[in-house]
Amino acid sequence: MCKMSYNPHDIESKWQRIWSLEGVFEVEVDHSKPKFYCLEMFPYPSGNMHMGHVRNYSIGDAMARFQRMRGKNVLYPMGYDSFGMPAENAAKKESGHPHTVTERNIAMIRADQERMGYSYDWRRMFATSTPEYYHWNQQLFLKFHEAGLVERRFAPVNWCNDCDTVLANEQVKNNRCWRCGLEVVQKDMAQWFLKMTEYADELLNELEDIEFPENVKTMQRNWIGRSQGAHINFKVVGSESSIGAFTTRPDTIFGVTFLTLSPEHPLCKELVSGTDYHDDWEKLRNDCARMTEFERINMLKEKKGVPLGRFAINPLSGEEVPIYAGNFVVASYGTGAVMAVPGHDQRDYDFAKKYGLPIRPVLSKTREAEAIEENPVFDGLGWMANSNMGSFDGLYGNEAKEAVISALEADGTGYGTVQYRLKDWLLSRQRFWGTPIPMIHCDDCGVVPVNYSDLPVKLPLDIKFSWENSGNPLENNEVFLNVKCPKCGGKARRETDTMDTFFDSSWYFLRFADSSNSSAPFDSDKANYWLDGGVDLYIGGIEHAVMHLLYARFFTKATRDLGMNSVGEPFGRLVCQGMLNAPAPFCVDCNSEYHIENFGGDCPNCGAELTTRSVKMGKSLGNTVSPGEMVTKFGADTVRLFILFGANPEAGMDWSDTALESSSRQMNQIFEAFKSLESASLNPKDIDSWLLARALDNQTRWIDAMEGVSLREGVMISHYEMLSDWQWYRRRGGLDRETIERFLCIWSEMLAPATPHIAEEFWSSLGGTGLLASNTLSGLSDLSDSDWSLVLAREDYLREFIDTARNLRTLAEKHSESPLSRMVVQVASKWKSELASNAINLASTDFDFKSQGHEHIRNLPIFENETMRGEIFQLWTTLTTGSKKKRGRIHTWSKSQKILLLNYLDEVEIINQNSEFLAMALDIESITSYFVGEGEDVAGKARVAFPLEPGIAFV
RNA sequence: GCAGAGGUACCCGAGCUGGUCAAAGGGGCCGGACUUAAGCUCCGGUGCAUAGUGCUUCGCAGGUUCAAAUCCUGCCCUCUGCACCA
């Protein structure tokens with residue numbers, strides 16, 4: 001190879017072809033090997049691959065390749081989450097079919113992925129929009145239906161006029177559609193729900209044992225939002241109705257001075273109809289319904305409410321309290337009614353103050369204290385007071401809560417309960433490009449499931465999309481609609497709702513275990529093998545931390561309970577990759593970023609000069625980088641190296657053209673290093689063992705880093721430190737063929753996870769057996785059997801020596817009129833090194849230098865020489881206890897320095913042995929070295945000589 | 001407001017189970033070698049002082065300690081997620 005300079009394109013396409021021909025990434029269940037399931041969140045195919053994908057997959061591929069080299073049976077699949085609205089919109093634009101758009105996009109992104117050399121088992125690839133996949137969506141749906149997890153009910157739903165569809169609560173952001181941003185309106189519809197709340201407790205509790213990042217766990221906990229409390233019924237005076245309210249603080253029930261209903265609460269209308277209060281309430285309700293999120297936030301600095309003119313009865317105290325409607329009460333949480341305790345809830349307090357309602361403190365901060373009104377309110381746990389039912393006063397915290405709940409339960413006016421923020425999963429979408437819900441509406445039999453044998457219910461392909469035909473084309477497709485009732489055989493109509501696409505992605509990782517199965521979603525044995533302990537490494541964006549991950553966890557549990565697997569938790573280790581940033585114009589004064597077309601100009605808002613700032617890559621700012629372009633320019637390996645070296649997976653990362661170029665240079669240098677094997681011959685030298693010792697050490701640290709998914713660190717060792725060690729070796733005159741071959745073999749393996757093509761090329765040119773992509777790491781046991789620490793330490797000594805000498809040289813130059821030509825090195829006397837060694841040995845025992853030190857040296861033979869005693873004491877102190885400002889050397893010496901001292905390194909010898917090299921490195925003609933006292937004390941440097949720190953004089 | 005992650009030299013970024021930390025690595029910049037030259041590559045420098053041991057630095061202000069980038073407290077700022085959660 002290597003006659004020419006580095007040409008990534010030839011190398012990369014060659015190896016991609018060979019890997020594919022040899023099928024090296026194709027895996028099957030193999031119980032003789034430990035498995036490793038490496039998975040990236042599969043993409044929605046929107047066209048070409050973007051940089052965020054590149055980052056995601058480069059991380060995953062590096063880990064998959066690394067684990068293969070570690071001897072694992074690695075499942076590393078790729079597929080496409082290909083249902084969804086954008087394909088419909090694209091189809092409308094070109095008057096085509098979403099299917100066509102989707103297939104085209106998949107082909108594009110797949111080609112991009114293949115060009116990057118990712119090591120997927122492509123046989124397992126699937127797209128969720130194919131009947132081969134959504135067939136099983138439908139089957140799972142029917143199974144869930146049988147298990148009682150599916151429900152059809154009327155519910156007010158979020159409706160987006162633009163997208164012509166229902167949105168899940170989770171898909172509404174700031175009261176706007178998460179995709180198009182249009183304001184969401186409410187609409188009542190019959191909907192299909194999946195009863196995820198039945199798993200709320202398990203989903204919450206098992207978070208404890210999952211290896212997710214802490215912030216993801218917290219987000220999920222908050223999302224599930226379990227709160228323990230009581231449901232309390234308040235009878236409405238003069239009515240049969242009662243108001244149920246949920247509270248987490250039943251211990252404050254005697255402080256209730258009013259009730260607040262959400263304006264949408266059905267009881268509101270009933271209570272005010274025909275009264276003077278009706279108009280105010282209606283106005284409030286309409287205000288709330290119409291308010292945009294932006295207005296709401298501003299409005300809510302001011303809590304608003306209206307009296308409904310009626311009263312409710314506190315079930316324990318019998319007291320009558322007024323009923324209000326308040327804009328701050330959310331209809332969908334709890335019961336949509338709040339028992340207001342202004343004495344111990346800040347929000348209620350503010351409300352009460354505003355409307356002149358009474359405030360009654362019923363908790364005291366200490367057992368003895370009075371319950372007092374204060375602002376800010378006391379909302380911690382306290383001792384009950386003023387309960388006007390003596391038996392409660394003095395009860396504290398949970399005991400108080402339980403006492404109140406018992407009292408309520410005793411007279412049937414309330415009960416202890418748990419409330420979740422998590423809601424059932426609204427599955428229906430009034431959209432075409434999704435999995436048809438396999439249900440049939442029969443006038444006689446009602447809603448009837450499709451027979452399993454009639455699955456899949458296929459989406460019709462003979463539809464032309466256009467902007468004129470809004471809504472769901474299924475509703476007008478007679479062929480699709482008309483069907484016979486599976487029960488009575490009479491005329492019936494198909495359900496036209498399709499499923500939320502989150503359904504597709506909630507079990508795709510199970511399908512990968514057995515993706516060609518045509519008789520079931522997946523074989524349970526295969527799923528249990530690959531998903532034992534969950535997906536071993538799951539990589540994706542933080543934006544899916546709640547919804548997708550929670551749905552997937554729910555599915556795994558639900559299918560487990562259907563007997564389809566025994567997994568339970570789908571994901572083991574989760575890594576959320578950080579964001580990819582790129583520079584964009586930025587105005588410091590306005591604190592805002594602008595489109596890249598403003599580079600070099602002034603702020604469009606205030607006219608100030610724009611600076612740059614690194615912000616999230618995105619279309620809106622135009623600060624995106626095309627992976628295709630970069631690969632064309634530099635090759636896939638270089639792009640992969642850059643992206644992995646740029647930052648650790650979890651950290652945010654800045655795109656930089658110069659840094660990419662530097663990665664390219666690095667690749668060239670590595671290439672050059674491998675090329676130099678050609679000029680090597682049998683030429684053994686001392687430095688050879690150093691190089692191999694470094695390789696061993698580097699490989700060990702590299703494995704540690706990679707195991708921990710610290711890819712940046714790993715790449716730093718494999719692509720940077722290995723190279724600088726190589727360069728040092730060459731500077732030291734090393735060029736032994738046998739050594740170099742050994743070193744390069746180890747190195748090429750280490751290069752493989754991040755830059756697999758070039759590594760494979762090196763491997764093949766070195767005559768390595770088989771393909772590197774399917775090999776396991778060379779064991780270096782022959783190397784690790786020896787102790788290389790002294791070899792490494794000697795080299796460290798030289799490096800440090802050069803370092804110190806270099807610094808001194810610049811200083812010395814200032815003091816010398818003529819150019820420096822000679823260096824005189826005076827090494828500390830042997831007895832000093834011996835004393836140092838002695839001290840190091842003592843330090844490894846539990847010797848107490850402070851109390852036993854002086855006694856110790858007094859007994860040493862050298863201490864008999866009276867003239868040296870002062871110097872001995874001084875040295876001993878410097879070595880052991882140190883001074884006020886500096887610790888003793890035995891504490892500050894590095895491991896390798898200690899090794900040198902313990903082995904009585906002859907500094908004079910090592911300096912003289914390497915004098916030629918040192919002279920060259922220091923740009924000096926000659927070097928002389930001797931022990932202090934064995935020659936002239938040049939420039940009085942004998943006094944600074946210390947073990948490992950010789951006195952150096954330039955002349 | 002709540003939760004989480006952060007603020008390290010010109011920039012990015014390690015370190016943060018206290019001492020070996022003026023602080024890895026990369027980018028940029030400067031200098032030297034190579035070259036007709038540019039590029040590439042190699043070597044070195046990049047807080048201040050200084051013939052070595054010294055001073056000032058790790059968001060700001062305090063504290064603990066013989067010793068703090070590292071531990072504690074308060075404050076400021078940035079980012080991410082959630083948004084009146086009863």
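Since we're looking at a predicted model, the values are computed, not measured. Labels below follow one simple rule: chain letters A, B, ... track the order of the sequence lines, proteins then strands, and each chain is numbered from 1.
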Let me know the distance between [atom1] of [X] and [atom2] of [N], rounded to the nearest Å.
X: Phe234(A); N: A86(B); atom1: CZ; atom2: C1'; value: 11 Å
X: Tyr420(A); N: A86(B); atom1: OH; atom2: P; value: 15 Å
X: Asn807(A); N: C48(B); atom1: CG; atom2: P; value: 14 Å
X: Arg221(A); N: C2(B); atom1: CZ; atom2: P; value: 19 Å
X: Lys675(A); N: C40(B); atom1: NZ; atom2: P; value: 17 Å
X: Leu948(A); N: U53(B); atom1: CG; atom2: P; value: 17 Å
X: Glu800(A); N: C21(B); atom1: CD; atom2: P; value: 10 Å
X: Leu811(A); N: C48(B); atom1: CG; atom2: C1'; value: 13 Å

Any Gln727(A) side-chain nitrogen or oxygen under 4.0 Å from OP1 or OP2 of U41(B):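 Checking U41(B) against Gln727(A), no side-chain N or O comes under 4.0 Å of OP1 or OP2.
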
Presence of Arg806(A) side-chain N/O under 4.0 Å of G44(B) phosphate oxygens OP1/OP2: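 Answer yes for this pair, as a side-chain N or O of Arg806(A) is under 4.0 Å from OP1 or OP2.
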
Sugar-phosphate, base or nothing in reach of Gly951(A), heavy atoms under 4.0 Å: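 Base contact.
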
Touch class at under 4.0 angstrom, heavy-atom based, for Ala939(A) against every strand present: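 Counting heavy atoms under 4.0 Å across all strands, no contact is made by Ala939(A).
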
Of Ala921(A) and Thr247(A), the one whose closest RNA chain B nucleotide lies more 5':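 Its nucleotide being nearer the 5' end, the pick is Ala921(A).
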
Partner set under salt bridge (charged side-chain N to carboxylate O under 4.0 Å, His left out) for Asp725(A), not counting sequence neighbours: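 Partners of Asp725(A) under the salt bridge (charged side-chain N to carboxylate O under 4.0 Å, His left out) test: Arg694(A).
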
Close N/O contacts between protein and nucleotides 24-29 of chain B (under 3.5 Å):
residue, atom, partner, partner atom, Å
A24(B), N1, Arg712(A), NH2, 3.4
G27(B), OP1, Ser662(A), OG, 3.2
G27(B), O2', Thr658(A), OG1, 3.3

